[in-house]
Amino acid sequence: MPEHFLGFGLGLRTDHFQDVLEQKPALDWFEVVSENFMVDGGKPKHYLHAIREHYPMVMHGVSMSIGSTEPLNMDYLRKLKVLANELQPQWLSDHLCWTTNKQVNSHDLLPLPYNEETLQHVADRISRVQDFLGRQILIENVSSYMSYKDSDMSEWQFINEVVKRADCLMLLDINNIYVSARNHNFAPLDYLNGIDKDRVRQFHLAGHTDYGDYVIDTHDHEVADPVWDLYRQALQRFGYVSTMIERDDNIPPLGELMAELDTARNIAAQTLNHTVSTGISQGKQAI
């Protein structure tokens, strides 16, 4: 196993706080949405620290707006750094997108034009963020529903060059690749095969809503069969990569998500012909 492989995890959601503490489910780690905990005190923070005593965590943000042309939000970054110092996560991540304009957060993960000017701009901002935080970050590919006439390279070429110039790492969202491939009519395997192997540290798996002519990344369904198929292809190319299930709406009982995580674990074992740990209850030591 690669040294940085954490195993199989879930997104930590409010609905499951009490169940996690009472049941100690057999999973390897949790991903937490950074913005939900960038506050002083409160009940969610109480649960967060209680659960952190039993599981490794990674932090995942949605508001860094790394592609924006506005100045970096240093107040946001200071709060992010405080939370990272508290949790000591294995890593933290955000999206390769922009979200703000005139200091108004759209709360949408908007895609960027893929060209040299944007590339240099984003790589420079990621480098400055990493210098401030004192650590490498992971950047995630977003799902998209529009493109720019000023783009002159593929999304995977753009991401490869960003992480190389910024010396950061990559969170590869398998569902987002599938959604964007359907919406923009490219082959998802071209995307997977075009990504540099040595920078990928995490996979996201999630559900979407298929409207026939287009697909929306809704995170309110179980992982769809075509995404599981693409996950198998990703495992063949990248080997073991820390994998988690994202569910943000229509959240089911914890047991259903655990069953879905078992599917991911079994697919990895079958694809890579290896026995995979089933979580801390089977003896994996939490930090």
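Computed from a predicted structure; not experimentally measured. Hydrogens, waters and symmetry mates play no part in the numbers below; they use all other heavy atoms, side chains included.
- Put simply, CH2 on W156 and CD1 on I195 are 9.0 Å apart, with the number rounded to the nearest 0.5 Å.
- Between R128 and D131, no side-chain nitrogen of the basic residue sits less than 4.0 Å from a carboxylate oxygen of the acidic one, so the salt-bridge criterion is not met.
- Judged purely by atom type and a 3.5 angstrom limit, D196 has no side-chain atom pairing as donor or acceptor with the backbone of D198.
- At a threshold of 4.5 Å between non-hydrogen side-chain atoms, the residues M57 and Q90 do not count as touching.
- A 4.5 Å side-chain heavy-atom check between L169 and W91 finds every atom pair outside the cut-off.
- Remark: side-chain polar atoms of R52 are not paired, donor with acceptor, to backbone N or O of E86 under 3.5 angstrom.
- A heavy-atom distance below 4.5 Å is found between the side chains of L112 and V122.
- In this structure, the separation between CG on L272 and CE on M1 is 8.0 Å, given to the nearest 0.5 Å.
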Taking it one step at a time, do Y145 and S147 satisfy side chain to side chain donor-acceptor pair (under 3.5 Å)?
-> CA-CA 7 Å; Y145 315 94; S147 57; over 6 Å; no

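- When atom types are taken as modelled, the side chain of E260 and the backbone of I245 share no donor-acceptor pair closer than 3.5 angstrom.
- Residues M64 and L109 fall into different hydrophobic clusters, defined by Ile, Leu, Val, Met, Phe, Trp and Tyr side chains chained together at heavy-atom separations under 4.5 Å.
- The hydrophobic cluster containing V179 does not contain M244, counting ILVMFWY residues as joined when their side-chain heavy atoms lie under 4.5 angstrom apart, directly or transitively.
- Of the N and O atoms on the side chains of T99 and S106, not one donor lies less than 3.5 Å from an acceptor on the other residue.
- Here CG of N183 is found 9.5 Å from OH of Y214. Values are rounded to the nearest 0.5 Å.
- Residue E53 holds its CD atom at 10.5 Å from CG of L48, rounded to the nearest 0.5 Å.
- Distance alone, capped at 3.5 Å, places no donor-acceptor pair between the D94 side chain and the I139 backbone.
- Under a 3.5 Å cut-off, the side chain of K197 and the backbone N or O of R237 do form a donor-acceptor pair.
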What donor-acceptor contacts under 3.5 angstrom involve side-chain atoms of residues 248-259, with partners at least two apart or in another chain?
residue: D248; atom: OD1; partner: R13; partner atom: NE; Å: 3.0
residue: D248; atom: OD1; partner: R13; partner atom: NH2; Å: 2.7
residue: D248; atom: OD2; partner: H219; partner atom: ND1; Å: 2.6
residue: N250; atom: ND2; partner: D220; partner atom: O; Å: 3.3

Where do L80 and M38 land on the side-chain contact (heavy atoms from CB on, under 4.5 Å) test, with the steps shown first?
-> CA-CA 7 Å; L80 185 67; M38 290 165 59; 4.2 Å; yes

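- The backbone N or O of S68 sits less than 3.5 Å from a side-chain atom of R125, completing a donor-acceptor pair.
- Of the listed residues (T243, L261, T263, N175), just one forms a side chain to side chain contact (heavy atoms under 4.5 Å, CB included) with L205, and that residue is T243.
- Residues V215 and M146 fall into different hydrophobic clusters, defined by Ile, Leu, Val, Met, Phe, Trp and Tyr side chains chained together at heavy-atom separations under 4.5 Å.
- No side-chain heavy atom of S65 sits under 4.5 Å from any side-chain heavy atom of N73.
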Going through the checks in order, is the side-chain contact (heavy atoms from CB on, under 4.5 Å) test met by V227 and H208?
-> CA-CA 10 Å; V227 176; H208 58 252; 3.7 Å; yes

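- Of all heavy-atom pairs between G7 and D28, the closest is CA-OD2, 3.4 Å.
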Test I51 against L12 for side-chain contact (heavy atoms from CB on, under 4.5 Å), laying out the working first.
-> CA-CA 9 Å; I51 294 170; L12 181 62; 3.8 Å; yes

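- Looking at every heavy atom in both residues, K24 comes nearest to Y55 through C-OH, 2.9 Å.
- The two residues P89 and M59 come nearest to each other via the heavy atoms CG-SD, 3.6 Å.
- When atom types are taken as modelled, the side chain of Q130 and the backbone of I137 share a donor-acceptor pair closer than 3.5 angstrom.
- F5 places none of its side-chain heavy atoms less than 4.5 Å from the side chain of V241.
- A distance-only check finds a donor-acceptor pair linking the side chain of R199 to the backbone of C168 [under 3.5 Å].
- Grouping the Ile, Leu, Val, Met, Phe, Trp and Tyr side chains by contacts below 4.5 angstrom, directly or via other members, places F132 apart from V82.
- Residue pairs that meet the side-chain hydrogen bond (donor to acceptor under 3.5 Å, both in side chains) test with at least one member in residues 184-193, sequence neighbours left out, are S144-H184, E155-Y191.
- Counting heavy atoms of neighbouring residues, nucleotides and ligands inside a 6.0 Å radius, atom CG of D75 exceeds 12 of them.
- Shown here is K81, whose NZ atom has more than 12 heavy atoms of other residues, nucleotides or ligands within 6.0 Å.
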Report the C-alpha separation of L172 and H204 in whole Å, then their side-chain angles, then the decisive distance to 0.1 Å, and conclude whether the side-chain contact (heavy atoms from CB on, under 4.5 Å) test is met.
-> CA-CA 6 Å; L172 205 56; H204 270 174; over 6 Å; no

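- The shortest heavy-atom contact between L6 and S242 is N-OG, 2.7 Å.
- Remark: the backbone N or O of D150 is paired with a side-chain donor or acceptor of N115 at under 3.5 angstrom.
- Counting heavy atoms from C-beta outward, K45 and L83 have side chains that approach closer than 4.5 Å.
- Hydrophobic clustering, with ILVMFWY side chains joined whenever heavy atoms are under 4.5 angstrom apart, keeps V62 apart from L87.
- Distance check: M153 CE to Y114 OH gives 11.0 Å after rounding to the nearest 0.5 Å.
- Between the side chains of E161 and Q157, not a single donor N or O lies within less than 3.5 Å of an accepting N or O.
- Of all the heavy atoms in S180 and V142, the pair that sits closest is OG-O, 3.7 Å.
- Minimum interatomic distance between W98 and P111 (heavy atoms only, all atoms of both residues): NE1-O, 3.1 Å.
- K79 places no side-chain N or O within 3.5 Å of a backbone atom of V39 that could act as its donor or acceptor partner.
- Between the side chains of R165 and Q120, at least one donor N or O sits under 3.5 Å from an acceptor N or O.
- The CG atom of L96 lies 11.5 Å from the CG atom of L171; values are rounded to the nearest 0.5 Å.
- Residues forming a ring pair (Phe, Tyr, Trp, His ring centres under 6.0 Å) with Y47 (at least two apart in sequence, or on another chain): F17.
- Side chains of H60 and S93: a donor-acceptor N/O pair is present below 3.5 angstrom, by distance only.
- By the 4.5 Å heavy-atom criterion applied to side chains, Q202 and E31 are counted as neighbours.
- Looking at M170 and N160, their side chains come closer than 4.5 Å, going by heavy atoms from C-beta outward.
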